[in-house]
Amino acid sequence: MAIEHELVGANLIVRLNGELDLVEAAAFKRLVDDLLDRRKVRNLYVNLAQVTFVDSSFLGALLGRYRRINTQGGRMGIIRTPGPVRPTLELSGVFRMMAEYGSEQEALTAG
């Protein structure tokens with residue numbers, strides 16, 4: 001897995017790819033928490049366009065970041081959910097908490 005991130009104003013976009021399991025979940029948590037600690041981030045958007053698999057440890061990392069952003073008054077969203085990953089996110093209730101966007105520009109415009 002590779003993690004890319006970009007700060008656009010007070011918005012953090014994190015781009016992930018590959019299979020997101022226990023190891024990648026820990027890397028995602030460390031990166032995002034470090035950026036949230038050091039930068040003024042209001043909204044967090046996670047681009048999953050290149051992701052092929054997510055497991056429960058990644059879902060936990062995702063929901064933990066959601067709680068943190070939500071507590072700070074920000075919003076969190078998912079960008080470009082691929083077909084194989086969608087059922088897992090739907091069953092876990094992610095889309096009841098976070099908005100889904102078709103593009104990064106759409107997320108930034110909504111935020």
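Hydrophobic clustering (side-chain heavy atoms under 4.5 Å, transitive across Ile, Leu, Val, Met, Phe, Trp, Tyr) keeps L36 apart from L108. Cluster membership check: F53 does not share its hydrophobic cluster with V23, using side-chain heavy-atom separations under 4.5 Å among Ile, Leu, Val, Met, Phe, Trp and Tyr. Cluster membership check: V46 shares its hydrophobic cluster with F95, using side-chain heavy-atom separations under 4.5 Å among Ile, Leu, Val, Met, Phe, Trp and Tyr. Note on F28: it does not cluster hydrophobically with Y45, by side-chain heavy-atom contacts below 4.5 Å among ILVMFWY residues. No path of Ile, Leu, Val, Met, Phe, Trp and Tyr side chains, each step under 4.5 Å between heavy atoms, connects V8 with V41, placing them in separate hydrophobic clusters.
In this structure a side-chain-to-backbone donor-acceptor pair under 3.5 Å is missing from R68 to G64. A donor-acceptor pair under 3.5 Å links the side-chain atoms of R42 to the main chain of G73, judged by distance alone. Of the possible polar contacts, none joining the N43 side chain to the N11 backbone as a donor-acceptor pair under 3.5 Å is found. Between the side chain of D55 and the backbone N or O of F58, at least one donor-acceptor pair lies under 3.5 Å.
More than 12 heavy atoms of other residues, nucleotides or ligands lie within 6.0 Å of CD in E6, so this atom counts as buried by the packing criterion.
Rounding to the nearest 0.5 Å gives a distance of 8.5 Å between CZ of R80 and CD of E104. Distance check, rounded to the nearest 0.5 Å: CG of L91 to CG of L59 gives 10.0 Å. In this structure, CD in E100 is found 8.0 Å from CG in L89, a value given to the nearest 0.5 Å. The CE atom of M97 sits 16.0 Å away from the CZ atom of R75 when rounded to the nearest 0.5 Å.
Taking each heavy atom of N17 and A2 in turn, the nearest pair found is OD1-N, 3.3 Å. Across all their heavy atoms, E90 and R96 have their closest contact at O-NH1, 4.4 Å.
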Show, in sequence, the C-alpha distance, side-chain angles and deciding distance for E4 and I13, and conclude whether the side chain to side chain contact (heavy atoms under 4.5 Å, CB included) test is met. CA-CA 8 Å; E4 296 178 6; I13 298 173; over 6 Å; no

Check the pair L62, I78 against side chain to side chain contact (heavy atoms under 4.5 Å, CB included), reporting the backbone distance first and the verdict last. CA-CA 10 Å; L62 195 66; I78 304 295; 4.0 Å; yes

Verdict with reasoning, R38 to L35, per side chain to side chain contact (heavy atoms under 4.5 Å, CB included): CA-CA 5 Å; R38 295 183 310 132; L35 289 166; 3.7 Å; yes

Trace of the side chain to side chain contact (heavy atoms under 4.5 Å, CB included) decision for Y101 with T109: CA-CA 10 Å; Y101 303 98; T109 301; over 6 Å; no

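Contact of the I3 side chain with the L16 side chain is registered, since non-hydrogen atoms from C-beta on lie closer than 4.5 Å. Contact annotation: the side chain of N70 never approaches that of M76 to less than 4.5 Å [non-hydrogen atoms, C-beta and beyond]. In this structure the side chain of R39 never reaches within 4.5 angstrom of the side chain of L12, judged on heavy atoms. Between L63 and V94 there is a side-chain heavy-atom pair separated by less than 4.5 Å.
When L44, N47, L48 are each tested for a side chain to side chain contact (heavy atoms under 4.5 Å, CB included) with V14, only one passes: L44.
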